[in-house]
A.B. asks: 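Structure below; questions to follow.
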Amino acid sequence: MPLAKIAPSMLSSDFASLAAEAHRMVKDGADWLHMDVMDGHFVPNITIGAPVIQSLRKHTNVFLDCHLMVSKPEKWVDDFAKAGASLYCFHIEATNEPEALIEQIKKAGMKVGVAVKPKTPIETVYPLVDRIDMCLVMTVEPGFGGQKFMANCMPKVKALREKFPELDIEVDGGLGLDTIDKAAQAGANVIVAGTSIFKSESPKDVISTFREKIKSVQFKL
Ligand SMILES: O=C(CO)[C@H](O)[C@H](O)COP(=O)(O)O
Ligand SMILES: [Fe+2]
């Protein structure tokens, strides 16, 4: 099972001080920064686009894990690559040609992630796993931070981990000190958390607790 990676969702940060918030998260132990991109069409919310990634990239070298909750994800690959995105994670529900999109993302020089919404069967990603770097199993309906963790998505994580022991498996939505155990035991190793980290008195402690919980199950799976 790959190493634990903790990826604060910047959706919960103060967007007016994004660079400072990014530095704060890295100082507090974040491995990646999770950048939630929403177009108001695939999900009923609008957040950021490539220009924001471009600005942020001028202030930090940290790995930018971009979660594209957008229709037509093929349309934005080059913009995000030029802007300095490290990983481009698209929703399998948003494209009819995932294989071509994966190749396009790789050609643009980014890592590739495929995301599945809670109701999407995990089997849909199995044929793609040999070509991707990460699978994101949503544990809320995409669109908003601060929602309740959907524990009924854990069997999807477990099945994916059993089939692909070395794959980066990311969970996203409602992760906190009260839900991290379930995600770790199911086999997730990349933890996205916005609300629980940014609302905490000590993001550093939350991040290190997440990492310890993943490590504690690492060798059992
Ligand atoms: O993809 C997302 C929303 O669609 C966010 O990454 C996610 O909601 C973060 O949630 P939380 O604040 O509960 O950690
Ligand atoms: Fe996300």
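In each ligand, atom 1 is the first atom listed, and ligand 1 is the first ligand listed. We use all heavy atoms of the structure for the numbers below, so side chains are in, but hydrogens, waters and symmetry mates are not.
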A.B. asks: Can you tell me which residue and heavy atom of the protein come closest to atom 13 (O) of ligand 1, and the distance to 0.1 Å?
C.D. replies: Gly174 N, 2.8 Å
A.B. asks: Could you tell me the residue and atom name of the protein heavy atom closest to atom 7 (C) of ligand 1, and the distance to it rounded to 0.1 Å?
C.D. replies: Asp172 OD1, 3.0 Å
A.B. asks: Angle at the Fe ion (ligand 2): provide the value between OD1 of Asp36 and OD2 of Asp172, rounding to 10 degrees.
C.D. replies: 180°
A.B. asks: Please write down residue, atom name and distance for the protein heavy atom closest to atom 14 (O) of ligand 1.
C.D. replies: Gly194 N, 2.6 Å
A.B. asks: Going by distance only, is there an N or O of Gly146 that falls short of 3.5 Å from an N or O of ligand 1?
C.D. replies: yes
A.B. asks: What protein heavy atom lies closest to atom 2 (C) of ligand 1? Include the residue and the distance to one decimal.
C.D. replies: Asp36 OD1, 3.4 Å
A.B. asks: Name the closest protein heavy atom to atom 12 (O) of ligand 1, giving the residue it belongs to and the distance to 0.1 Å.
C.D. replies: Thr195 OG1, 2.6 Å
A.B. asks: Under 3.5 Å, N or O to N or O, is Ser196 touching ligand 1 that way?
C.D. replies: no
A.B. asks: Around Trp32, counting heavy atoms of other residues, nucleotides and ligands shown, do more than 12 lie under 6.0 Å from its CH2?
C.D. replies: yes
A.B. asks: Does an N or O from Gly143, backbone or side chain, lie closer than 3.5 Å to an N or O of ligand 1?
C.D. replies: yes
A.B. asks: Could you find the nearest protein heavy atom to atom 8 (O) of ligand 1 and give me its residue, atom name and distance?
C.D. replies: Phe144 O, 3.0 Å
A.B. asks: Tell me whether the guanidinium CZ or amine NZ of Lys72 lies under 6.0 angstrom from the six-membered ring centre of Phe42 and within 45° of its axis.
C.D. replies: no
A.B. asks: Would you call the rings of His34 and His67 parallel, tilted or perpendicular, taking 30° and 60° as the class edges?
C.D. replies: tilted
